[in-house]
Undergrad: 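Sending over a structure as structure tokens; questions will come in a sec.
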Amino acid sequence: MTSKYWLLKAEPDSRIVKGKDVKFSVDDFESVKTSPWEGVRNYEARNLLREVKVGDQVLFYHSNCKNPGIAGFAEISKEAYPDYTAWDPEHPYYDPKTKQDSPKWFMPDVTFVARAKHLVPLALLRNIASSGDADAAGVPYIGLEGVEAIKGMALITRGRLSVQRVEEDTWRIMRDLAEKGGWDEQAIGKKKAPAKRAAESVRGAAKDSAAGSATKRRRRGPG
DNA sequence: GCCAACGTTGGC
DNA sequence: GCCAACGTTGGC
């Protein structure tokens with residue numbers, strides 16, 4: 001399948017991994033302009049990265065932070081090539097199981113295009129997806145198609161995936177939201193009724209499985 | 001800091 | 001190749 005629009009997650013807040021900060025905010029991105037998108041350690045995300053083409057458009061998402069949401073726009077500037085950080089024992093994204101002669105992880109280069117004039121909060125998208133009401137959310141201009149597009153976003157349905165496909169109409173809606181804003185931060189900023197944990201958990205057998213499954217993750221500036 | 005959701009690991 | 005345990009993601 002070919003896609004021309006993608007969503008990539010990065011962490012704007014400092015987080016130290018192996019002594020190094022993996023923070024990469026829209027500010028960082030804007031200042032470096034182009035960065036290898038290193039550190040993706042999840043197969044599905046990796047497979048998607050191998051599909052990206054030069055010129056494809058990217059929604060730059062702030063994850064694992066106070067105000068998660070779409071913070072900017074970018075584009076693919078180089079197709080995926082082996083992620084050398086997987087071979088560097090000093091690197092936060094080192095993967096001891098990757099052999100030099102058979103790269104397992106890949107990364108494209110991504111170039112900054114623009115900041116979102118209004119950061120499009122995940123809370124807004126969730127609010128619209130669950131209520132189905134763009135008017136109440138303060139963004140009547142996205143229309144019913146906008147609501148449907150948001151409902152279908154992987155961001156809503158597949159929370160944890162760090163590289164996601166985005167439909168063209170969805171991309172346009174995100175661009176409009178980022179440009180026009182209009183939602184009430186207070187109104188959409190709160191919410192969510194957490195479900196209760198089911199079991200009484202009898203976890204805890206000692207297990208030595210070193211491993212440490214590396215899932216996804218994301219990065220900082222260029223080396 | 002908590003904890004739900006979910007991908008990965010590894011014993012069988 | 002199943003599946004329970006485990007570890008991570010990431011919103012809140």
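Here is the naming used below: chain letters follow the sequence lines, and residue numbers restart at 1 for every chain.
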Undergrad: Just how far, in rounded Å, is P of C:dT8 from OH of A:Y43?
TA: 16 Å

Undergrad: Just the rounded figure in Å: distance from P of B:dG7 to CG of A:L48.
TA: 13 Å

Undergrad: My understanding is that only one of A:N127, A:N67, A:L177 makes a side chain to side chain contact (heavy atoms under 4.5 Å, CB included) with A:P121; could you say which?
TA: A:N67

Undergrad: Between the axis at one end of the helix from B:dG1-C:dC12 to B:dC12-C:dG1 and the axis at the other (five pairs apiece), what's the angle to 10 degrees?
TA: 10°

Undergrad: With sequence neighbours left out, which residue pairs that include part of residues 60-71 of chain A fulfil the salt bridge (Lys or Arg N to Asp or Glu O under 4.0 Å) condition?
TA: none

Undergrad: Measuring to OP1 and OP2 of C:dG11, would you say a side-chain N or O of A:K9 lies under 4.0 angstrom away?
TA: no

Undergrad: Has A:R126 got a side-chain N or O lying under 4.0 Å from the OP1 or OP2 atom of C:dC12?
TA: yes

Undergrad: Mark yes or no: A:K180 above the aromatic ring of A:Y141, with NZ or CZ under 6.0 Å from the six-membered ring centre and no more than 45 degrees from the axis.
TA: yes

Undergrad: Whole angstroms only, please: what is the CH2-C1' distance between A:W105 and B:dT8?
TA: 10 Å

Undergrad: Suppose we screen for salt bridge (Lys or Arg N to Asp or Glu O under 4.0 Å). Which residues come up paired with A:D135, at least two apart in sequence or across chains?
TA: none

Undergrad: Once you round it to whole Å, what is the distance between P of C:dT8 and OH of A:Y93?
TA: 14 Å

Undergrad: Once you round it to whole Å, what is the distance between C1' of B:dG10 and NZ of A:K97?
TA: 10 Å

Undergrad: Check whether any side-chain nitrogen or oxygen of A:N67 sits under 4.0 Å from OP1 or OP2 of C:dC12, and answer yes or no.
TA: no

Undergrad: Can you tell me if A:D21 and A:S14 form a side-chain donor-acceptor pair at under 3.5 Å?
TA: yes

Undergrad: Looking at A:R172 and A:E145, is any side-chain nitrogen of the basic one under 4.0 Å from a carboxylate oxygen of the acidic one?
TA: no

Undergrad: A:I188 has an atom CD1; how far is it from atom P of C:dG11, in whole Å?
TA: 14 Å

Undergrad: Please determine whether a side-chain nitrogen or oxygen atom of A:R158 lies at a distance below 4.0 Å from atom OP1 or OP2 of B:dG7.
TA: yes

Undergrad: Between atom CG in A:D13 and atom C1' in C:dG10, what is the gap in whole Å?
TA: 12 Å

Undergrad: Do A:D28 and A:S25 have side-chain atoms, one donor and one acceptor, less than 3.5 Å apart?
TA: yes

Undergrad: A:N42 CG to B:dC6 P: how many Å, rounded?
TA: 13 Å

Undergrad: Is the distance from OP1 or OP2 of C:dT9 to the nearest side-chain N or O of A:Y61 less than 4.0 Å?
TA: no

